[in-house]
Amino acid sequence: MKKQISSDQGMWRRRVTFIMAATGSTIGLGNIWKFPYITGENGGGAFILLYLACVTLVGLPILIAELVAGQYTRRNPVTAMQIITRESQTNRHWSLIGVFGCLAGLIILSYYAVVAGWGLRYCLDAVSGAFQGLSSELATERFLHLLDDSQTLIYWQNVFLLSVGMVVAMGVRRGVGVAMHILMPLMLLALGALISYSWHLGDFSAGLTFMLTMDFSALSWNAVLLALGHAFFTLSLGVGAMMAYGAYMPKRTSILGVAVTVALLDVLFALLAGLAIFAVVFANDIAPTEGPGLMFVSLPLAFGAMPYGDGFAAIFFGLVVFASFGSAVSLLEPSVAWLNERHSVPRWLAVPSILAVVMVVSAAVALSFNSEHPAASLAGMSLFQWLDVVTTLWLLPIGGFLLAIYVGWFMSPVKFASAPHFMLWRFVLRFVTAPAVLVIFAVALLQRCSTT
Ligand code: TRP
């Protein structure tokens, strides 16, 4: 009934292509932008420890669950969940996990593109030497000025979305696969260059000390919730992105091996990028507690005061754009695959149809930054913050939790029960992952109720 994935365009050419695509998805703004600033705001090392625990005990088992579901069914997340619920003879409403996942992915994409657009703009600014000798006021003003300039924002975010769309429209093998083979080496080179720069010219030891200092008093329940949400975000979980990528993985590929590799690379990248950023920031006596502005205010300021700063700022923002690109591709792919496989809409038509909606939402996000729009915020948060909070703190963990419960308890284990490590994984899903998400959620909710 449903269209088979044709072996020519619907499979990764090699195992390493899958690893590159999956790693390209997991490494993104989450690693370079979010991770350093939430670490900065939540006390450094202690938060990192918490985040590592969430990645290992919650993220990794769910990553494996998504890959199992994808590889087993070879379908987009919506159809994959429908097939599994039917074959396992469970309530078919469980398949809504796939539908909500695709939607959440598009919501994330619509604010993700906004930040990627800032990155593009800043990359060009750095190339033209705009950060030289920037003062602290000017750095802030520059960023606020950009936020106020809706036309520029919309332009750059659309440039970004269109290029992502082009790659997805070209298909898995010729589009995404090829793009990842180009992007990954570029990202590694850029990261290497930044690490060596911050080693020679930054305050490396201050960065390292900050990341290793365990200030447990700075940890609140909110920090625990943040670490959990970030574990989902950084591993691209909860929206079926990994399920979609797993669907193009050859049947004989060992899931455990690739899942551990992808998670390790993602964590390593976050730690190294964080180290480079903190070393550069500390070398200029700037506090790391800037929040979201860390990347777009503190860093230009820091680079602007350092030798070869413009060149390395350009490399840094280039890295931001490359990393966002791989992630954005994976946010778009599940819905495109669904339209393509389930409704036989060709990719070249599916991509612009979905992107049109995403572009409208991200234009609204861009407009919500404009100080001339008084209705831009609701309950003290901008549309941008709302989309971020609703997806990262709610939709992703809930989607991941339901998947953990479903795969842990209900999905029929016929296809993978024989492998011993799968039994351990299922045990962890049932008794560690799912309860951990539930407890963290419940406590954070109670805390929030008692403080409001
Ligand atoms: N993991 C990416 C990052 O760290 C973002 C991302 C890509 C994502 N695909 C996703 C987040 C799917 C959640 C779900 O920036």
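Model, not experiment: these values are computed from the prediction. In listed order, ligands and their atoms are each counted from 1.
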Open item on the list: According to side chain to side chain contact (heavy atoms under 4.5 Å, CB included), who are the partners of Thr253, at least two apart in sequence or on a separate chain?
Closed with: Arg15, Gln71, Met249, Pro250, Val258
Open item on the list: Tell me if the aromatic rings of Phe431 and Phe427 count as close, with their centers under 6.0 Å from one another.
Closed with: yes
Open item on the list: Suppose we screen for ring pair (Phe, Tyr, Trp, His ring centres under 6.0 Å). Which residues come up paired with Trp118, at least two apart in sequence or across chains?
Closed with: Phe143, Phe296, Phe369, Phe384
Open item on the list: Any donor-acceptor pair under 3.5 Å linking the side-chain atoms of His181 with those of Thr17?
Closed with: yes
- [ ] Kindly tell me which protein residues have any non-hydrogen atom under 4.0 angstrom away from an atom of ligand 1, grouped by chain and ordered by number?
- [x] Ser25, Thr26, Gly28, Leu29, Gly30, Asn31, Ile108, Tyr112, Phe233, Thr234, Ser236, Leu237, Val239, Ser327, Ser330, Leu331, Leu396
TODO: List for me each residue that meets side chain to side chain contact (heavy atoms under 4.5 Å, CB included) alongside Ala46, sequence neighbours excluded, and say none if there are none.
DONE: Phe216, Leu219
- [ ] Decide if atom CZ of Arg430 counts as having more than 12 heavy atoms of other residues, nucleotides or ligands within a radius under 6.0 Å.
- [x] yes
